[in-house]
Amino acid sequence: MIDPGKLTQLEGGQKRRKLALTLGALERDIDGVPEKGNEYSYKSIARADYVKKIVEICLKDPQMSSDDAKILKNVLEEIPFDEKRSCNLARNTMLKIIGTFPAEWDLIIAPHPEVFDENGIVKQRDFFEGVSVYAEDIRSPFNLGSIFRTAEAMGAENVFVSPMCVPPDHPKAVRSGMGCIETLGWQKKSLDELEEYSEKKDIPIFVLETGGTPLEEFKFPKKGICIIGSEELGVSPEALKKASYGRVTIPMKGLKASLNVGVAFGILMQKWVESLEKNDF
């Protein structure tokens, strides 16, 4: 952490970058996972008061818009004071002034330390055994990250990706996955390999695609692999042939009748989890 007095001596872009870095380090410290060497350690001032001083320095930036300044001032006056929200808003304001696009902001992804061992490996994770998703030829790393995030949140055991799918370790996928790609097991498999796995584990395959059984009528399996297709082409004809358990469809009324693949997967997982929790088999 840098002394606020030294921050005020900096100018222009150098000052903004240092402020953004300081606020990012503070966010991690607030989350309980500080970067080594950047832990909050000042004895003479409480961390919350330090955060306020840093935000006040940001407010003096001549390029800050009146709307952004108003938001930051309101956050400073909130009771109780929200340290993390203040850091996040001030940091993103600095990044905006620097000229980075929101989609390129380096989001703070703070892991939950209680689920990691000393080597950074996940110790335990609650999930529905045998519940998996196969991402076929997903092109957008943001979409893939969203799929991982939903899969982890809703209790999928793992994620399979096709050979032509964007790599899960793509920086933008990791960013939108918000740490879930690191904590959720995944494997790359061809459709033939997926079918072999399905037969070996006695886990049926079904697809999320138009022209199938409406979501409300579909009888979800206790264990299964759901194939979701690419943004442009949907599930491939080859994948449809592997779907021994059938096809499920989300009914839509809109003229375009189209959903983002990550959103569609989230809707499906919610219904699947409802079925699992009801033991509706």
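Along the sequence shown, residues are numbered consecutively beginning with 1.
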Supply the atom-to-atom distance Cys87 SG to Arg28 CZ, rounded to the nearest 0.5 angstrom.
11.5 Å
Side chains of Tyr245 and Ile205, heavy atoms from C-beta outward: is any pair under 4.5 Å?
no
Nearest 0.5 Å, what's the CD-CD1 distance between Glu195 and Ile225?
10.5 Å
Taking 4.0 angstrom as the limit, do Asp61 and Lys15 come out as a salt bridge?
no
Taking atom CE as the centre, does Met252 end up with more than 12 heavy-atom neighbours from other residues, nucleotides or ligands that are less than 6.0 angstrom away?
yes
Asn74 side chain to Lys70 backbone, donor-acceptor under 3.5 Å
yes
Verify the cluster assignment for Val166 and Ile181: are they in a single hydrophobic cluster under the rule of side-chain heavy atoms below 4.5 Å apart?
yes
Can you confirm whether the side chains of Gln187 and Asn158 place a donor and an acceptor under 3.5 Å from each other?
no
Could you tell me whether Arg139 and Glu232 have a side-chain N and a carboxylate O separated by less than 4.0 Å?
no
Do Val261 and Ile138 come within less than 4.5 Å of each other through their side chains, counting heavy atoms only?
yes
With a 4.5 Å cut-off on side-chain heavy atoms, are Leu26 and Tyr50 touching?
yes
Assess whether a salt bridge exists between Lys84 and Glu27, defined as any Lys/Arg side-chain N lying under 4.0 Å from an Asp/Glu carboxylate O.
no
Ser162 side chain vs Asp137 backbone, donor-acceptor pair below 3.5 Å
yes
Quick check for you: to the nearest 0.5 Å, what is the distance between Lys271 atom NZ and Glu216 atom CD?
3.5 Å
Should the ring pair Phe206 and Phe218 be called parallel, tilted or perpendicular, given that the plane angle runs from 0 to 90° and is split at 30 and 60?
tilted
Main-chain N/O of Phe148 paired with Trp186 side-chain donor or acceptor, under 3.5 Å
no
